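Structure first, then comments.
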Amino acid sequence: MSQTHPTQELVLEARQLRFAYKSSAPVFEAIDLQVRPREIVCLLGSSGCGKSTLLKVLAGLQTPSGGECRFLGTPVHQPHPRSALVFQQASLLPWLNVTDNIGFGLDFKHQPQLSQVLRRQRIDAALEAVGLLAHAQRFPAQLSGGMAQRVAIARALARQPELLFADEPFSALDAITRAEMQTLLRTLVARWHTAVLLVTHDIDEAILMADRILLMSGQPGHILQSWEVDIAHPRDASPDAFGLLKHRILEALRAQHASHSPMQHLTEKSDVTTIDR
């Protein structure tokens, strides 16, 4: 189980967070959550459990119905300039080339004003980090899905965020590209010293990526259980430890299923276990 850490060591902290649409049952409630510096936290759960809505509340895109969320010790009321978001779709502007799409992220509201020299340095550094310097003048229509998502990540990195919110950013990619992007993201976290809160429904992806996994389940959604992932990288070279943690996650889900029926089903897709979407 995860440990409690002092607030000053946290990038993000939520206490008893709750969200409900007007005149509706809560989407989630009683959420306690922490993200530490340079940590990858995976929020694992099936569609409908509220994990994407929770991410939006934590990122300041939705206002919670109750509880408290703090980013770098400050209450969250809107997106913070030291955070960034990446979604399943790259959402690039088709009339801008790769360079200008990355720079567009530096023009968002509340971003610090940068000189043209510093702005260009940030864009070039982000381009180099995701391996797209040679494609800087291409337009979105000329990019593969994986390349477009690299641009979306570079756009976020150019802001030099303390925390990257990522909502199933690789789920639309083929298996090989997804594996490449997972490796890239871990490399970028180490290099850019950013923390990541990653939403996924893929158990294997959570184990491969995370320093800590939070399993979200139920209606309303809540954190069912959490695990520190103390497995050396590359984790696909540690099949015994990987398989043991996967078994524990599946057992937690099965126990929840037994006590709360109906429940989301688990599906096996080749060698990857997902929580049925």
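All of these numbers come straight from a predicted model, not from anything done at the bench.
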Under 3.5 Å donor-acceptor, [X] side chain and [Y] backbone:
X      : Y      : answer
Arg159 : Ala84  : no
Arg150 : Val130 : yes
Arg155 : Ala90  : yes
Ser144 : Met147 : yes

Side-chain heavy atoms under 4.5 angstrom apart, residues restricted to Ile, Leu, Val, Met, Phe, Trp, Tyr: same cluster for [X] and [Y]?
X      : Y      : result
Val57  : Leu214 : yes
Ile40  : Ile231 : no
Leu164 : Leu127 : yes
Leu173 : Leu184 : yes
Phe71  : Leu43  : yes

### Task
Pick out which of Leu198, Leu215, Leu224, Leu253 makes a side chain to side chain contact (heavy atoms under 4.5 Å, CB included) with Leu44.
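With Leu44 as partner, Leu198, Leu215, Leu224, Leu253 yield a single side chain to side chain contact (heavy atoms under 4.5 Å, CB included), made by Leu215.
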[atom1]-[atom2] distance between [X] and [Y], expressed to the nearest 0.5 angstrom:
X      : Y      : atom1 : atom2 : answer
Gln78  : Thr63  : CD    : OG1   : 10.0 Å
Cys69  : Arg15  : SG    : CZ    : 11.0 Å
Asp32  : Leu17  : CG    : CG    : 9.0 Å
Leu114 : Arg120 : CG    : CZ    : 13.5 Å
Thr187 : His233 : OG1   : NE2   : 10.0 Å
Asp167 : Ser52  : CG    : OG    : 3.5 Å

[X] vs [Y] side-chain heavy atoms within contact, under 4.5 Å:
X      : Y      : result
Leu118 : Gln121 : yes
Phe19  : Gln62  : yes
Phe139 : Asn101 : no
Leu61  : Pro79  : yes
Leu188 : Thr194 : no

### Task
Check step by step if side chain to side chain contact (heavy atoms under 4.5 Å, CB included) holds for Phe242 and Asp204.
CA-CA 9 Å; Phe242 190 106; Asp204 285 20; 4.0 Å; yes
### Heavy-atom closest contact (Val86 atom, Gln149 atom, distance)
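Heavy-atom minimum between the residues: CG1-NE2, 4.1 Å.
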### Query
Does atom CZ of Arg248 have more than 12 heavy-atom neighbours from other groups under 6.0 Å away?
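It does not: Arg248 CZ has 12 such atoms or fewer within range.
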### Query
When you look at His222 and Phe28, which way does the side chain to side chain contact (heavy atoms under 4.5 Å, CB included) test go after all the steps?
CA-CA 6 Å; His222 60 281; Phe28 60 78; over 6 Å; no
Charged N-O contact under 4.0 Å between [X] and [Y]:
X      : Y      : value
Arg254 : Glu251 : yes
Glu9   : Arg36  : no
Arg82  : Glu162 : yes
Arg18  : Glu68  : no
Arg178 : Asp174 : no

### Task
Return yes if a side-chain donor-acceptor contact under 3.5 Å exists between Glu168 and His201, otherwise no.
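Yes, His201 and Glu168 have a side-chain donor paired with an acceptor closer than 3.5 Å.
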### Query
Should Asp211 and Arg186 be marked as a salt bridge (charged side-chain N to carboxylate O under 4.0 Å, His left out) after you check the CA-CA gap, both sets of side-chain angles, and the distance that decides it?
CA-CA 10 Å; Asp211 300 304; Arg186 282 211 62 93; 3.8 Å; yes
### Verdict with supporting geometry, Ile123 and Asp100, side chain to side chain contact (heavy atoms under 4.5 Å, CB included)
CA-CA 9 Å; Ile123 293 171; Asp100 291 337; over 6 Å; no
### Task
Give the C-alpha distance, both sets of side-chain angles, the deciding distance and a yes or no for side chain to side chain contact (heavy atoms under 4.5 Å, CB included) between Met216 and Ile31.
CA-CA 9 Å; Met216 190 169 177; Ile31 297 290; 4.3 Å; yes
